[in-house]
Amino acid sequence: MIRVVVVDDEALVRTGFRHILDAAGDIQTVAAVSGAEALQTVRELSPDVVLLDIRMPDVDGLTVLKAIRRLPAPPVVAMLTTFDADEYVTTALRSGAAGFVLKDTDPERLGHLVKALASGETVLSSKVTRTVIDGFLHTAVDGPAAQAVQTLTSRERQVLVLLAEGLSNREIGGRLFLSSGTVKDHVSAILAKLGLENRIQAALLAERAGLLR
């Protein structure tokens, strides 16, 4: 059972998400709260996934995200937004968000997105991905990032490039003739060597290092 906390300033949104997720059968919404209650709720309930509104009147979603990521065993956090080109996308991803979920996501797809988050995958709409890439496309190669990727083996750099292109572990394995488990081990090693928290941060670093050009 995947345990989820929904954080949004609108009660209607919280209720809607709870009903949709609980109908999946293997997902349980253990709490649906406002931003002011978010940190304490996550601390007490230790959910697997948090869906966190990025824009709330009582507390900034990015502030809540950073506080949650500082917990000893933080859950996976995806940001909720109504904007597929939200200007806070890159900041949230760099702060440890595992992806973005648009509030107008098809209800039938929402459960699949939560399951993907719980399994360690990233969740970004194609438009959000374009926003992230465009933000770095015309940026000069970052020296420290380029040096950091040199600590990786040639195979790990191959995995990093494919990861940054948005491929899943299974798809990367198919390209490189590796098992999904082996790819997962490579991804874990990449994150550890680069001091990163998730695949999105790794993808951003790969872009800054010039690996995707």
Side-chain angles (χ1 to χ4, degrees), residues 2-4 26 46-51 65-66 68-79 89-101 109 111-137 139-213:
I2 301 171
R3 304 172 75 253
V4 179
D26 51 357
S46 300
D48 303 301
V49 175
V50 175
L51 300 180
L65 168 64
K66 292 173 183 177
I68 290 175
R69 295 303 301 166
R70 286 195 294 268
L71 293 175
V76 174
V77 182
M79 310 305 292
V89 165
T90 303
T91 301
L93 297 179
R94 283 177 169 165
S95 298
F100 273 71
V101 175
R109 181 166 158 69
H112 295 295
L113 296 180
V114 168
K115 292 173 188 177
L117 289 165
S119 66
E121 298 293 331
T122 56
V123 171
L124 290 177
S125 75
S126 58
K127 292 181 180 179
V128 171
T129 302
R130 187 73 257 165
T131 300
V132 173
I133 293 175
D134 285 347
F136 290 94
L137 211 51
T139 303
V141 173
D142 179 58
Q147 289 182 343
V149 298
Q150 293 306 310
T151 65
L152 305 177
T153 66
S154 59
R155 176 63 85 189
E156 287 168 349
R157 284 195 293 274
Q158 288 178 316
V159 171
L160 176 59
V161 169
L162 295 177
L163 178 158
E165 291 177 357
L167 275 65
S168 67
N169 287 351
R170 182 178 58 79
E171 291 168 333
I172 294 172
R175 290 278 190 94
L176 301 179
F177 304 101
L178 300 172
S179 70
S180 295
T182 299
V183 174
K184 184 177 180 180
D185 290 341
H186 282 310
V187 172
S188 296
I190 290 168
L191 298 181
K193 287 184 179 181
L194 300 180
L196 304 175
E197 295 183 358
N198 58 48
R199 299 166 69 97
I200 295 179
Q201 290 182 348
L204 295 177
L205 187 141
E207 175 60 45
R208 294 204 307 274
L211 295 184
L212 307 185
R213 309 183 183 191

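- Here the closest non-hydrogen pair linking Val114 and Val49 is O-CG2, 4.2 Å.
- For Arg109, there are no side chain to side chain donor-acceptor pair (under 3.5 Å) partners, not counting sequence neighbours.
- Between Ala97 and Asn198, the shortest heavy-atom contact is O-ND2, 3.4 Å.
- Evaluation of the side chain to side chain contact (heavy atoms under 4.5 Å, CB included) rule for Ser119 yields Glu121 as partners, not counting sequence neighbours.
- Residues meeting the side chain to side chain contact (heavy atoms under 4.5 Å, CB included) test with Lys193, sequence neighbours left out: Thr151, Leu152, Thr153, Glu156.
- The minimum heavy-atom distance between Ser95 and Gln201, with the atom names listed, is C-NE2, 4.1 Å.
- No more than 12 heavy atoms of other residues, nucleotides or ligands lie within 6.0 Å of NZ in Lys66, so this atom counts as exposed by the packing criterion.
- In plain terms, the two heavy atoms of Ala92 and Leu65 that are nearest each other are O-CD2, 3.5 Å.
- With contacts defined as side-chain heavy-atom distances shorter than 4.5 Å, the pair His186/Leu176 does not qualify.
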*Apply side-chain contact (heavy atoms from CB on, under 4.5 Å) to Ile172 and Leu163, showing your working.*
CA-CA 7 Å; Ile172 294 172; Leu163 178 158; 4.1 Å; yes
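- Partners of Ala98 under the side chain to side chain contact (heavy atoms under 4.5 Å, CB included) rule, at least two apart in sequence or in another chain, are Val76, Leu117.
- Applying the side chain to side chain contact (heavy atoms under 4.5 Å, CB included) rule to Leu191 yields the partners Val187, Leu196, Ala202; only residues at least two apart in sequence or on another chain are considered.
- Under a 3.5 Å cut-off, the side chain of Glu171 and the backbone N or O of Ser168 do form a donor-acceptor pair.
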*Report the C-alpha distance between Asn169 and Arg199 in whole Å, list the side-chain angles of each, state the deciding distance to 0.1 Å, and finish with yes or no for side-chain contact (heavy atoms from CB on, under 4.5 Å).*
CA-CA 11 Å; Asn169 287 351; Arg199 299 166 69 97; 2.6 Å; yes
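- A heavy-atom distance below 4.5 Å is found between the side chains of Val77 and Met79.
- Side-chain contact check for Arg175 versus Val183: every heavy-atom pair is 4.5 Å or farther apart.
- Rounding to the nearest 0.5 Å places CD of Gln158 at 6.0 Å from OG of Ser154.
- Taking the side chain as every heavy atom from C-beta outward, Arg157 and Ile190 never approach each other to under 4.5 Å.
- Shortest non-hydrogen contact noted between Ile2 and Ala118 is CD1-CB, 3.8 Å.
- Closest of all the heavy-atom pairs between Leu160 and Ala206 is CG-CB, 3.9 Å.
- Counting heavy atoms from C-beta on, the side chains of Leu211 and Val149 come closer than 4.5 Å.
- Applying the side chain to side chain donor-acceptor pair (under 3.5 Å) criterion to Thr182, with sequence neighbours excluded, gives Ser179.
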